[in-house]
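The structure under discussion appears below in the form of C-alpha cells.
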Amino acid sequence: MRYSEYFIPTVKETPADAEVISHKLMLRAGMIRKVAAGVYNYLPIGLRSIRKVENIVREEMNRAGAVEVLMPMVIPGELWQESGRWEQYGKELLRFKDRKDNEFCLGPTHEEVITDIVRREIRSYRQLPINLYQIQTKFRDEIRPRFGLMRGREFIMKDAYSFDVNEKEADKSYEKMYQAYCRIFKRCGLDFRAVEADTGSIGGASSHEFMVLADSGEDAIVSCNSCSYAANVEKAEAGLSGLSPDTEMRPLEKVLTPERKSIQDVSEFLGIPAAHMVKTLIMTADDKLVAILLRGDHELNEIKLKKVLGCDSLEPATEEAVLNSIGTPVGFIGPIGLTLPIIADLVLKNMRNFTVGANLEDYHIKNANFDRDFTVENFADVRNVVAGDPCPRCNNGTLEMWRGIEVGHVFKLGTKYSKALNAKFLDENGKEQTLFMGCYGIGIGRTVAACIEQNHDENGIIFPIQIAPFQCIISSINPKDENVRAISEKIYSEMQKIGIEVLLDDRDERPGFKFKDADLIGIPVRIVVGAKNLIDQKVEFKLRKSKESELVAVDDVVHRVENIMKEVLA
RNA sequence: CGGGGAGUAGCGCAGUCUGGUAGCGCACCUGUCUUGGGCACAGGGGGUCGCAGGUUCGAAUCCUGUCUCCCCGACCA
C-alpha cells in the first residue's frame with residue numbers, strides 16, 4: 001500500500017475527550033473516530049488490526065473444532081421473553097418495534113438465538129458435541145461507555161456456544177475453549193492471566209475471565225504468589241485469618257466523636273487504626289434493610305453479599321431510610337442495640353474490643369465484642385480481598401493485586417438456557433435429555449485496545465507484528481530524488497511479492513514528519529531509504545520497539561525482514 | 001439516576017465576568033524555499049458561537065428551557 005493513496009488521518013494533538021492511552025493513540029493514529037457515545041468508525045489501519053485479531057481468533061476456534069456461523073443483530077423479543085431475560089436484562093438491552101408493532105432488540109449476546117438454532121436442528125446425541133461461533137457486531141446500551149473501544153456500546157465480539165450431552169462432556173468442551181483462548185491471546189502478543197470470575201447476567205455455574213494486565217484496566221484481579229490461584233476481586237474468596245484476638249474483653253466505653261462520620265475521620269480523631277474498627281453499612285436488599293459489618297479498612301463486595309442474601313436487588317440505603325428506621329444519621333450507626341438483621345464479615349470472627357458507631361449522633365463506642373454486646377445473624381465472606389490477604393487455596397501464599405482488562409470470558413452454563421428454551425436431544429437409549437451448554441466470548445476491538453495499553457511509548461503505538469496493521473513501513477526520504485524513489489519502489493515491490501504487508505511512505509514530506517507518523521501508528525519494522533546511505537548501497541533498518549537502528553545492504557534488506565516475519569509468525 | 005465540567009473553524013483553545021466589527025495555534029489551499037525527527041516565509045479559504053425561546057437599539061456574552069459530550073459515582077460485561 002502506498003501511503004499517498006491510503007487513508008491514515010493522524011493528528012498531532014490529542015482530542016480532549018480521550019482519557020486512557022489506547023483511546024488517545026487510536027484517535028491520534030487515525031485508527032478510529034467517534035460517531036456517538038460508545039459508537040465508532042473503524043478507519044483503515046484500525047480495521048486492519050481488528051481483522052488480524054479476528055483471523056487469529058478464527059484460526060484457533062477452527063483448530064479447536066468450533067464451526068463458524070453468523071446470526072442476526074436484530075432479534076425478535078419473543079426469544080428473549082422465552083428465556084426470561086427480556087425482563088431481567090435491563091436497559092442495556094436496546095429494544096424497539098418494527099412497523100407491525102412487533103418487539104425486537106439488538107443482540108447484546110446470543111444464547112437465545114443459538115439455542116433456538118440448536119433446538120430446531122439437533123435431535124440426536126450422534127450430532128453432539130457441537131460448538132458454534134460467530135464474529136459479529138454487538139450492541140449493549142451501556143450506562144457509561146468510555147475509553148474508546150475499551151467499553152463501547154457497539155463492539156465486535158467473537159461469541160461461541162458449545163452443546164454437550166452431559167456435564168462431564170461439557171467440561172471437556174470448556175477446557176478446549178480455555179486452551180484455545182490461551183493460544184489466541186498468546187498469539188496476539190499479550191501479557192494476560194486467566195482468572196476465576198463471577199458469571200454476572202450471563203449466569204451459569206462458573207467462569208474464567210482472560211485479563212490483559214494493564215494499569216488502566218477496569219477490573220481488579222488477585223493472584224497468589226505461591227500457587228496458581230487467580231481471581232477477579234468480584235469473585236476472589238477472602239481467607240479466614242485476621243487480627244489475632246486480644247486475650248480478654250474490655251468494658252464498653254462511649255466516646256464523643258463530634259461530626260466524625262467516616263472511618264478515616266474517626267480513626268484519626270481517636271488514634272485507633274481503621275483495622276481495629278468495625279463499620280456498619282445499611283443496605284436495601286429487595287426493599288428490606290439489612291446491616292453489614294466490615295472491618296474499617298475493608299470494602300463491601302456486593303456480588304458476594306447478594307449471593308449470601310439471595311436477593312435480586314441490592315443498594316446502599318438512602319440516608320433518609322437509615323434515619324427513619326434507626327433514628328441515627330449515617331456515620332454513627334453501630335451494631336449494639338440495632339434491631340435489623342446483621343451480617344458480619346468472616347474476618348470479624350477473630351476480632352475483639354473493636355470500635356463501632358454508637359447509634360447516637362456524634363458518639364462511637366470502644367471495646368465492642370460479639371455475643372457479649374450484640375449478636376449477628378451469620379458470619380459470611382462479604383468483603384473484597386485486599387493485597388496481602390492469605391491465599392484461600394494454598395494457605396501459605398499471599399495475594400497480589402493487579403489491574404486487568406477483560407478481553408475474554410468463558411462460562412459453564414449448564415442447562416440454564418437449554419431448559420428455558422426447551423433444547424433437548426435423544427440419548428442412546430432414545431430418552432429425551434437436556435443439552436449442556438457453555439459460552440465463550442472475546443472482545444475483538446477491546447483486544448486491540450488492550451494490546452496498545454500494553455505496547456506503547458511516548459511516541460505512539462508499538463504493535464506486535466501479529467496484529468500490526470502493516471508489518472513494515474518504507475520511509476522514503478525525499479522521494480523526489482530519483483535514486484531514492486527507485487530503490488524504495490524496488491524494495492516495496494519485492495516485499496509485496498513475498499507477501500510482506502508493507503506500507504510505502506511515498507509522500508512528499510520532510511523526514512521528521514514521516515518518522516513521527518511511522519512511530520505513532522506503530523509499524524513494527526521501518527526501512528529508511530535516504531540518499532546518503534544509498535551511496536554505500538545501504539538502507540536503515542529499525543525495529544519500532546528498539547532504540548537502535550542499523551545499516552543493511554539494499555540487496556539484503558528484504559530477506560532480513562522476511563526472516564523476522566517467519567520467526568515471529570511461525 | 002446523583003455530583004462535577006464542557007459545547008466558539010477539521011483539531012486544540014482564548015473571548016463570556018464587564019453586551020458593541022469573532023480571534024489564536026495546528027491542519028487546509030496557492031506560491032517560493034527546504035529534505036535524516038512534526039522546516040521557513042508570503043498570501044488565502046473556512047464560523048447559523050450546540051439548539052430553541054426571551055431581554056435589549058444591539059447577544060458568543062445576560063435570562064429560561066432543551067440537546068449532546070466528557071469525568072467521578074451508582075449500575076453493568
Side-chain angles (χ1 to χ4, degrees), chain A residues 9-20 23-24 27-28 30 33-39 88-93 108-109 138-148 150-153 155 157 159 197-203 207 209-211 217-219 232 234-235 283-284 300 302-303 306 312-319 404-411 439-443 445-446 458-460 475-481 484-485 505 507-521 526-534 538-540 542 547 549 551:
Chain A
T10 58
V11 284
K12 254 190 269 191
E13 277 170 305
T14 309
D17 56 5
E19 194 71 11
V20 298
H23 188 195
K24 287 180 186 170
L27 288 167
R28 285 194 56 208
R33 289 289 184 267
K34 188 171 73 174
V35 180
V39 179
Q88 273 172 31
Y89 212 87
K91 287 190 178 165
E92 257 185 66
L93 187 65
T109 174
K138 296 278 187 280
F139 193 92
R140 296 180 187 175
D141 200 359
E142 296 274 351
I143 297 171
R144 190 149 89 84
R146 56 184 136 179
F147 304 153
M150 208 91 103
R151 180 176 292 273
R153 292 194 294 170
F155 58 100
M157 182 178 182
D159 46 324
D198 181 69
T199 55
S201 65
I202 302 287
S207 74
E209 289 169 328
F210 288 78
M211 291 285 186
E218 292 187 85
D219 287 278
N232 192 310
E234 290 178 351
K235 170 86 176 175
M283 305 291 290
T284 305
L300 177 66
E302 294 190 15
I303 291 169
K306 249 183 178 174
D312 288 328
S313 80
L314 180 71
E315 52 189 26
T318 60
E319 298 206 8
I405 300 164
E406 181 194 348
V407 290
H409 201 159
V410 293
F411 299 82
C439 74
Y440 318 93
I442 290 177
R446 191 184 276 184
E458 65 281 5
N459 292 318
S475 298
S476 201
I477 301 304
N478 192 6
K480 282 181 180 164
D481 180 310
V484 167
R485 200 189 59 78
D505 192 349
R507 296 174 299 171
D508 184 18
E509 295 287 353
R510 298 173 61 82
F513 192 92
K514 294 187 172 192
F515 296 152
K516 287 287 183 189
D517 269 345
D519 285 351
L520 178 59
I521 65 180
R526 187 181 77 192
I527 306 299
V528 181
V529 182
K532 281 183 208 160
N533 290 322
L534 281 185
K538 300 247 166 124
V539 293
E540 182 193 298
K542 183 179 174 298
K547 294 261 179 277
S549 61
L551 294 178

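Just so we're on the same page: letters track the sequence lines, and every chain starts at 1.
Pair assignment for B/A22: none, as no Watson-Crick or G-U wobble contacts are both less than 3.5 Å. Under the Watson-Crick and G-U wobble criteria, each requiring two contacts below 3.5 Å, nucleotide B/A52 is paired to B/U64. Pair assignment for B/C69 gives B/G5, based on Watson-Crick or G-U wobble hydrogen-bonding distances that are each under 3.5 Å.
Among the heavy atoms of the strands, none lies under 4.0 Å from A/Arg507. Across all strands, A/Glu92 comes closer than 4.0 Å only to sugar-phosphate atoms, never to a base (heavy-atom distances). Residue A/Lys547 is out of contact with every strand shown, counting any heavy-atom pair closer than 4.0 Å. Contacts of A/Glu234 with the nucleic acid, taken as non-hydrogen atoms under 4.0 Å apart, are absent. Nucleic acid contact for A/Arg33: none, since no nucleic acid atom lies under 4.0 Å from a heavy atom of the residue. Residue contacts shown for A/Lys514 are absent, as no nucleic acid heavy atom lies under 4.0 Å away.
Separating the P atom of B/G73 from that of B/U16 is a span of 34 Å, rounded to the nearest Å. For the C1' atom pair drawn from B/C63 and B/C1, the interatomic distance equals 28 Å after rounding to whole Å. Rounded to the nearest Å, the gap between the P atom of B/C17 and that of B/U34 is 50 Å. Nucleotides B/U18 and B/G12, compared at atom C1', are 27 Å apart to the nearest Å. With both ends at atom P, the span from B/G31 to B/C13 equals 33 Å, rounded to whole Å. Here the separation of B/A60 from B/G23, taken at their P atoms, is 13 Å to the nearest Å. Taking the C1' atoms as reference points, B/U32 lies 38 Å from B/U48, given to the whole Å. Comparing B/C41 with B/G46, their P atoms are spaced 24 Å from each other, to the whole Å.
Atom CE of A/Met157 is separated from atom P of B/C76 by 18 Å (rounded to the nearest Å). The separation between A/Leu534 atom CG and B/U35 atom P is 17 Å, rounded to whole Å. In this structure, CG of A/Asp198 is placed 14 Å from C1' of B/C75, rounded to the nearest angstrom. Rounded to an integer number of Å, the gap from A/Ile477 CD1 to B/G37 P is 9 Å. In this structure, CZ of A/Phe515 is placed 7 Å from P of B/G37, rounded to the nearest angstrom. Summarising the geometry, the separation between CG on A/Asp517 and C1' on B/C39 is reported as 15 Å, rounded to the nearest angstrom. B/C39 atom P lies 14 Å from atom CG of A/Asn478, rounded to whole Å. At whole-Å resolution of the value, CD in A/Glu315 and C1' in B/G73 are 14 Å apart.
A close approach under 4.0 Å does not occur between any side-chain nitrogen or oxygen of A/Lys532 and OP1 or OP2 of B/U35. In this structure, A/Arg146 reaches the B/C72 phosphate: one of its side-chain N or O atoms is under 4.0 Å from OP1 or OP2.
Place A/Thr10 and A/Glu302 on RNA chain B by their nearest nucleotides, and A/Thr10 ends up nearer the 5' end. Residue whose closest nucleotide on RNA chain B sits further toward the 5' end, between A/His409 and A/Gly512: A/Gly512.
Not a single donor-acceptor pair under 3.5 Å links the side chain of A/Ser476 to the backbone N or O of A/Arg485. Between the side chain of A/Arg33 and the main chain of A/Leu27, a donor-acceptor pair closer than 3.5 Å is present.
With respect to the salt-bridge test (charged N to carboxylate O, under 4.0 angstrom), the residues A/Glu142 and A/Arg151 qualify. Taking 4.0 Å as the cut-off between side-chain N and carboxylate O, A/Lys235 and A/Glu209 do not count as a salt-bridged pair.
The side chain of A/Glu19 sits closest to B/C71 out of B/G38, B/C71, B/C76. Ranking B/G37, B/C75, B/G38 by closeness to the A/Ile143 side chain, first place goes to B/C75.
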Please list, for nucleotides 27-34 of chain B, all pairs of protein and nucleotide N/O atoms separated by less than 3.5 Å.
residue	atom	partner	partner atom	Å
B/U34	O2'	A/Arg510	NH1	3.2
B/U34	O2	A/Arg510	NH1	3.0

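Between the CG atom in A/Leu314 and the CD atom in A/Glu302 there is a gap of 5.0 Å [rounded to 0.5 Å]. With values rounded to the nearest 0.5 angstrom, A/Asp517 atom CG is found 4.5 Å from A/Arg507 atom CZ. Atom CD1 of A/Ile303 and atom CG of A/Asp198 lie 4.5 Å apart (nearest 0.5 Å). Here the CE atom belonging to A/Met150 is positioned 12.0 Å from the CD atom belonging to A/Glu406, to the nearest 0.5 angstrom. To the nearest 0.5 Å, atom NZ of residue A/Lys24 and atom CG of residue A/Asp17 are 11.0 Å apart.
In this structure, the side chains of A/Leu534 and A/Val539 come closer than 4.5 Å at one or more pairs of heavy atoms.
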Q.
Please determine whether side-chain contact (heavy atoms from CB on, under 4.5 Å) holds for the pair A/Thr109 and A/Tyr89, giving the CA-CA distance in whole Å, both sets of side-chain angles, and the decisive distance to 0.1 Å.
A. CA-CA 11 Å; A/Thr109 174; A/Tyr89 212 87; 4.0 Å; yes
Q) Does the side-chain contact (heavy atoms from CB on, under 4.5 Å) test come out yes or no for A/Asn459 and A/Phe515, once each step is laid out? A) CA-CA 10 Å; A/Asn459 292 318; A/Phe515 296 152; over 6 Å; no
Q) Quick one: what's the B/S/- string for nucleotides 7-15 of chain B, heavy-atom cutoff under 4.0 Å, read 5' to 3'? A) ----BSS--
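Below the 3.5 angstrom threshold, one finds a donor paired with an acceptor across the side chain of A/Arg151 and the base of B/C76. Below the 3.5 angstrom threshold, one finds no donor paired with an acceptor across the side chain of A/Arg144 and the base of B/G3.
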